[in-house]
Amino acid sequence: MPDIIHLLPDSVANQIAAGEVIQRPASVVKELMENALDAGATYIQLIVKDAGKTLIQLIDNGSGMSDTDARLSFERHATSKISQANDLFSIRTMGFRGEALASIAAIAHVELKSKLSDATLGTQLIIEGSEVKSQQACQTAVGTSISVKNLFFNVPARRNFLKSDMLEANHILEEFYRLVLIHPEIAFSYHHNGKLIHQLDKSNLKQRIVNVFGKSYAERLIPVEQENTVARFSGFIGKPEFARKTRGEQYFFVNHRFFKHNYFHHAVDNAFQDILPEKAYPTYFINFDIDPKEIDINIHPTKTEIKFQDEKMMYAMLRSVVKQSIGKFSISPSIDFEVEQSLNLVPPPKGYEVKLPSIKINPDFNPFDDKNKRTYTPPEKTEREIRNQQNWERLFDDKKADTAMYTPKAEPEQAKLHNEMETSAEPVVNYAFFQLQHRYIITSIKSGLVIIDQQAAHERILYEDFVECIEQHNGVSQQQLFPQTIVFTPSDGELIKEMKTELLSLGFDINDSGSNTFIVNGIPANMADEDIKGIIEGMLENFRMNLLSLKVDKKINLALSMARNMAIKPGKPLMQEEMQHLIDRLFACKMPYQSPSGKKVLVSVTLEDISAKFKN
């Protein structure tokens, strides 16, 4: 039998490695920026085109490379960081495995220019799909410039799996934040499609956070600082009153390296217990300085997951540190018992005349006089009201029941449910509704009961309303008496700019005033104005989640996101009139039996089902 085991060619091995290390354009940004940091750069410039699919260029003023090092840097496992296994337990550099450049060069067109500080000329290296095309001397500045073009050009299947430019650009921005936030001593700039997104000068950590997320953060941050024999914790947490309704600025770093850790996130959440607004998430930027021997950063190719030797102890210390900062800066709710808590009423000025209210009547008015009688002429019914009435009639009238109300996408069980809903002897308008656990609406029909999920029903109603508004550009805007000025994160600000036309169609009147600051002049007429910023942030968060999980266009995604964010949630009590109005609007929908996300809106329980429960 012939030998069947053989060594893979380097180009194939590099493509396989690239699948682990380079998942999307943001992965390239991360690896190149980390290399620049390890090279001792004090200024790093990032240039991106088409969310990294066309170009990712990084320019730094670091130490640069010799001709030999430049060529060797693209070989697998070529590294200057470690020479033996024990070195893994004392690493403080960002990269160390020597896989990044080899992986990038395997799936892109790469051009590298680099020069040492004491060299007359630099070196230029061009590689395409792991194949070195040329290497020659060139004129270039001290440091390194590397351009990665046409990412995944030779792996079309991987390129097809990339998401929209909007989502990929957001991933790049997030990787950028993870590095610039913990390195305020280094200056950075970021350009995307020829537009300057960030220009960050050297600063301290607090100023860097403010420069990244906006001036409003200057008053939101509380310092975290504590050191013991195990670790040193430093950074900032956000004041509870500024907590976001979505997971916002939450960053853990260990030895100045970003990492994710759900267990430690719970520690921070626990420290904020009972002082955060409902359904809000704390903001934190916390760095752990710890002996590298106490952690293992080599458990994941991207090094964002880190294992600690004693995680329970670290949890307890982190929780204690955060609680101490909360208490030290007196941000917990408190009452001043030495101050009278009654209302402080300002007395009127001297000589002020108090006018008593009066009522004017017409002594000659006769309610029985025909000339004082008014007649009521009902308005003509709209198309939506007619559809609502027809759907109700089909639902509760045997003679008119048919499948006309179902779209071709209706599931078989929905058609079955429709047939189960039979005639009621009473008029629909006299029906009583019952709310179960402030979550479900229950009403009776001849064959038994109908149970309606109030949140799913409201999502369906809002979704169809929003789709119509966007398509017809007829959203009604409720103008604000006092326009609100809101500062969003840069990523949220870019999303708002990208969707300006669609937001206007929904009824949002938002003007960009620069520096991620927006003036909200108007909001959709059916939207509450108690927390406009929270509602918009929630909508944007849902929009991003939909980009990850659903392949729908921008308009449908926006309608889905708005509906999911604004729909009434479980736990909201409803009056009889509110339940009636909700059901009326539901049955005026084109597809009342399914939420936009595919969830059932209502189910029926027949009398036979109920009777079966009482059998022995």
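Just so you know, these numbers use all the heavy atoms, side chains as well, and skip hydrogens, waters and symmetry mates.
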Taking the six-membered ring for Trp, is the centroid-to-centroid distance between Phe236 and Phe285 below 6.0 Å?
no

Report yes if the distance between the aromatic ring centroids of Phe213 and Tyr177 is under 6.0 Å, otherwise no.
yes

Take Ile172 and Tyr190 through the test side chain to side chain contact (heavy atoms under 4.5 Å, CB included) and record every step on the way to the result.
CA-CA 10 Å; Ile172 290 174; Tyr190 172 36; 3.5 Å; yes

Any idea which heavy atoms bring [X] and [Y] closest together, and the distance?
| X | Y | value |
| --- | --- | --- |
| Met575 | Glu578 | N-OE1, 2.7 Å |
| Val210 | Lys215 | CG1-CA, 3.7 Å |
| Ala563 | Phe466 | N-CE1, 3.7 Å |
| Lys500 | Ile510 | CE-O, 3.9 Å |
| Thr517 | Asp512 | O-OD1, 3.5 Å |
| Pro570 | Gln455 | CD-OE1, 2.9 Å |

Spacing of [atom1] belonging to [X] relative to [atom2] belonging to [Y], to within rounding of 0.5 Å:
| X | Y | atom1 | atom2 | result |
| --- | --- | --- | --- | --- |
| Leu586 | Ile452 | CG | CD1 | 6.0 Å |
| Ser604 | Leu449 | OG | CG | 9.0 Å |
| Phe433 | Leu582 | CZ | CG | 9.0 Å |
| Gln480 | Gln478 | CD | CD | 6.0 Å |
| Glu459 | Lys569 | CD | NZ | 7.0 Å |
| Leu221 | Ser325 | CG | OG | 12.0 Å |

Any side-chain heavy atom of [X] sitting closer than 4.5 Å to one from [Y]?
| X | Y | value |
| --- | --- | --- |
| Asn204 | Pro184 | no |
| His198 | Leu173 | yes |
| Phe488 | Lys533 | yes |
| Val601 | Tyr593 | no |
| Glu249 | Arg244 | yes |
| His171 | Lys163 | no |
| Leu503 | Leu558 | yes |
| Ile442 | Val605 | no |

Side chain to side chain contact (heavy atoms under 4.5 Å, CB included) between Lys328 and Ile222, intermediate numbers included
CA-CA 10 Å; Lys328 183 177 179 181; Ile222 301 161; over 6 Å; no

Just checking, any donor-acceptor pair under 3.5 angstrom between side chains of Glu174 and Asn170?
no

Between Asn270 and His266, does any side-chain donor sit less than 3.5 Å from a side-chain acceptor?
no

Polar side-chain atom of [X] near backbone of [Y] as donor-acceptor pair, under 3.5 Å:
| X | Y | result |
| --- | --- | --- |
| Asn521 | Pro483 | no |
| Asp50 | Asn193 | no |
| Arg208 | Asp201 | yes |
| Gln435 | Leu574 | yes |

Looking at Lys554, I'd like to know if its NZ atom is crowded, meaning that more than 12 non-hydrogen atoms belonging to other residues, nucleotides or ligands lie closer than 6.0 Å.
yes

Within 45 degrees of the axis of the six-membered ring of Tyr463 and under 6.0 Å from its centre: does Arg460 put its NZ or CZ there?
no

According to side-chain contact (heavy atoms from CB on, under 4.5 Å), who are the partners of [X], at least two apart in sequence or on a separate chain?
| X | answer |
| --- | --- |
| Glu494 | Lys195, Ile197, Lys497 |
| Lys53 | Arg159, Leu162, Asp165, Glu168 |
| Glu541 | Thr246, Arg544 |

Going by the rule ring-ring contact (aromatic ring centres under 6.0 Å, His included), which residues pair with His192 if we only count those two or more places apart in sequence or in a different chain?
none

Sequence neighbours left out, what passes ring-ring contact (aromatic ring centres under 6.0 Å, His included) with Tyr440? Give chain and number order.
none

I would like to know whether Ile286 and Ile237 meet side chain to side chain contact (heavy atoms under 4.5 Å, CB included); could you show each step before the answer?
CA-CA 8 Å; Ile286 302 176; Ile237 57 175; 4.2 Å; yes

Which of parallel (below 30°), tilted (30 to 60°) and perpendicular (above 60°) describes Phe264 and Phe252?
perpendicular

Identify whether the distance between the nearest side-chain nitrogen and carboxylate oxygen of Asp465 and Arg585 falls below 4.0 Å.
yes

Tyr217 and Thr489: CA distance, side-chain angles, deciding distance, side chain to side chain contact (heavy atoms under 4.5 Å, CB included) verdict:
CA-CA 10 Å; Tyr217 277 71; Thr489 64; 4.2 Å; yes

Side chain to side chain donor-acceptor pair (under 3.5 Å) partners for Ser561, two or more places apart
Asn546, Asn557

